[in-house]
Amino acid sequence: MLNSISYIELLVFSFAVFRLTRLLVYDQITSFIRKPFLEEIVETNAENVTETYVVIKGKGIRAFLGELLSCYWCTGVWCAAGLFLGGWLFPAVFEPVIMILAIAGMAGVIEAIVEKLVE
């Protein structure tokens with residue numbers, strides 16, 4: 001099966017997984033998903049720099065999901081699995097979602113590069 005995937009498809013899929021993972025783990029718009037599992041504590045240190053700490057809530061499955069959502073790498077694996085299986089089983093639904101996430105992911109990478117170049 002992997003023999004049939006092109007480098008372009010792999011690149012598109014990679015950007016989609018990147019964007020979905022960042023959306024779930026970091027973006028404010030999805031904080032409602034993380035809220036039952038994580039508590040974010042914001043503190044200002046002695047150098048007047050704001051730092052955010054994550055505290056996992058609960059036990060059992062709640063703690064497990066909190067651990068998952070606090071780990072970019074862990075969430076990325078599950079996002080990749082979900083998008084891959086969704087794209088395989090329900091391509092009419094998932095292909096547009098994967099493409100939208102990939103475009104947004106690529107735009108985010110371009111924005112970060114431009115921001116670094118302008119500094």
Side-chain angles (χ1 to χ4, degrees):
M1 185 169 110
L2 290 178
N3 295 339
S4 64
I5 192 168
S6 72
Y7 289 115
I8 296 297
E9 289 170 319
L10 180 62
L11 186 65
V12 167
F13 187 76
S14 297
F15 276 112
V17 171
F18 162 75
R19 186 63 202 114
L20 180 59
T21 303
R22 287 199 61 83
L23 185 68
L24 291 174
V25 175
Y26 296 116
D27 289 0
Q28 185 64 34
I29 195 168
T30 56
S31 64
F32 72 95
I33 294 171
R34 295 185 302 274
K35 190 171 185 169
F37 310 104
L38 302 172
E39 181 179 353
E40 293 181 354
I41 299 171
V42 180
E43 295 180 354
T44 304
N45 66 19
E47 291 82 37
N48 210 24
V49 175
T50 302
E51 297 176 345
T52 303
Y53 300 94
V54 175
V55 177
I56 299 189
K57 294 180 179 179
K59 295 180 179 169
I61 191 73
R62 186 176 183 193
F64 171 78
L65 291 172
E67 289 284 346
L68 178 71
L69 289 170
S70 70
C71 174
Y72 183 83
W73 299 105
C74 302
T75 303
V77 169
W78 288 103
C79 287
L83 289 177
F84 183 82
L85 287 174
W88 185 46
L89 296 172
F90 308 104
V93 174
F94 274 81
E95 284 178 6
V97 171
I98 290 169
M99 189 56 70
I100 289 167
L101 288 169
I103 292 167
M106 177 65 91
V109 169
I110 292 169
E111 178 59 33
I113 291 169
V114 169
E115 211 172 274
K116 287 288 183 190
L117 292 174
V118 173
E119 285 182 352

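- Smallest separation of non-hydrogen atoms from Pro91 and Pro96: O-CD, 4.0 Å.
- One hydrophobic cluster holds both Tyr26 and Val109 under the rule that ILVMFWY side chains link at heavy-atom gaps under 4.5 Å.
- Within 6.0 Å of CG on Leu89 lie more than 12 heavy atoms contributed by other residues, nucleotides or ligands.
- Linking Ile, Leu, Val, Met, Phe, Trp and Tyr residues whenever their side-chain heavy atoms come within less than 4.5 Å leaves Val77 and Val17 in two separate clusters.
- Looking only at distances, no side-chain donor or acceptor of Thr75 sits under 3.5 Å from a matching main-chain atom of Tyr72.
- Note: the hydrophobic cluster containing Val97 also contains Trp88 (ILVMFWY, side chain heavy atoms under 4.5 Å, direct or indirect links).
- In the displayed structure, Ile29 atom CD1 is contacted under 6.0 Å by at most 12 heavy atoms of other residues, nucleotides or ligands.
- The side-chain contact (heavy atoms from CB on, under 4.5 Å) test with Leu20 singles out one residue from Thr30, Val25, Leu83, and that residue is Leu83.
- Taking the six-membered ring where the residue is Trp, Phe13 and Phe84 present perpendicular rings, their angle passing 60° and hence far from 30°.
- Judged purely by atom type and a 3.5 angstrom limit, Arg62 uses its side chain to pair as donor or acceptor with the backbone of Pro36.
- Rounded to the nearest 0.5 angstrom, Ile33 CD1 and Leu65 CG are separated by 11.5 Å.
- Transitive grouping of hydrophobic side chains (ILVMFWY, heavy atoms separated by less than 4.5 Å) keeps Val42 and Val49 in distinct clusters.
- Across every non-hydrogen atom of Ala63 and Gly58, the tightest pair is CB-O, 3.6 Å.
- Under the 4.5 Å side-chain heavy-atom criterion for ILVMFWY residues, a single connected hydrophobic cluster contains both Leu101 and Phe90.
- Residue Val54 comes nearest to Ser70 through the heavy atom pair CG1-CB, 4.1 Å, listed as atom of the first residue, atom of the second, then distance.
- In this structure, Thr21 OG1 and Trp73 CH2 are separated by 9.5 Å, a value rounded to the nearest 0.5 Å.
- At a threshold of 4.0 Å, the pair Asp27-Arg34 does not count as salt-bridged, since none of the basic side-chain nitrogens sits closer than that to a carboxylate oxygen.
- By the 30° and 60° cut-offs, the orientation of the rings of Phe18 relative to Phe15 is perpendicular.
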Exercise for review: Evaluate the criterion side chain to side chain contact (heavy atoms under 4.5 Å, CB included) for residue pair Ile56 and Leu38; output intermediate values, then yes/no.
Suggested key: CA-CA 5 Å; Ile56 299 189; Leu38 302 172; 4.0 Å; yes
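- Smallest separation of non-hydrogen atoms from Glu39 and Lys57: CB-CE, 3.9 Å.
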